[in-house]
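Read through the structure below, which is laid out as structure tokens, and then see the notes.
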Amino acid sequence: MSNPGIRSRHRAERSNLFGDDATNGVADAATPSRQQRRTRNRHTSARKAPPKPSGAQEASSIVESLLRTKSAMKQDLERLSHVTDAIDSDGAMLKDTQESQLGLGGLAKGARGALRYLQAQERRETVVLWAAVIFFYLSALYVFWTRVRIPFLLW
């Protein structure tokens, strides 16, 4: 049912992965030996290797890389310098705000005391006003009583 060519190819791949003893002693004609694989790997790696650049090209590549690194570091340093300046100015602003708030603390206490004094004075004035209103009505009633003389009203 299965194709013998596929089976031998799978066996060859297994032996390539796990070594020759993975086939349990069964040697296959399609399975290359270890020496053949090594030779093939050397030839393919030699073909795939890119040509090595000359010393001057390597040096210029390294110099370009270092210049890019220097530029990136310079930009980061400038950015960090600006961040540090911003933090310093914000810190000074917060310190000034704290000092002004501490100065307002005494002012708030003074304002609270003045407000209490005004509220007490308002209560005294309210009592005096009601006393004056009651006195006015009593004096008006007395005048009306003495002038009109209605005896059946209060006797």
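Nothing fancy with the numbering, it's 1 onward along the sequence.
- Going from atom CG of Leu118 over to atom CD of Glu125 covers 9.5 Å, rounded to the nearest 0.5 Å.
- When the shell of 6.0 Å around CD of Glu78 is examined, it contains more than 12 heavy atoms from other residues, nucleotides or ligands.
- Distance alone, capped at 3.5 Å, places no donor-acceptor pair between the Ser65 side chain and the Ser61 backbone.
- Going from atom CD of Gln57 over to atom CD1 of Ile62 covers 12.0 Å, rounded to the nearest 0.5 Å.
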### Message
Working note: Met73 + Thr69, criterion side-chain contact (heavy atoms from CB on, under 4.5 Å); need CA distance, chi angles, decisive distance, verdict.
### Response
CA-CA 6 Å; Met73 291 177 79; Thr69 303; 3.9 Å; yes
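- When the shell of 6.0 Å around CZ of Arg147 is examined, it contains 12 or fewer heavy atoms from other residues, nucleotides or ligands.
- Among residues two or more places apart in sequence or in another chain, the side-chain contact (heavy atoms from CB on, under 4.5 Å) test is passed with Ser71 by Gln75.
- Applying the 4.5 Å side-chain rule to ILVMFWY residues, one finds that Leu80 remains a lone member of its cluster.
- Both Val133 and Phe136 are members of a single hydrophobic cluster when ILVMFWY side chains are connected at heavy-atom separations under 4.5 Å.
- With Ile87 as the partner, the side-chain contact (heavy atoms from CB on, under 4.5 Å) test is satisfied by one option alone out of Val83, Thr84, Asp90: Val83.
- Between atom CD of residue Gln98 and atom NZ of residue Lys95 there is a gap of 8.5 Å, rounded to the nearest 0.5 Å.
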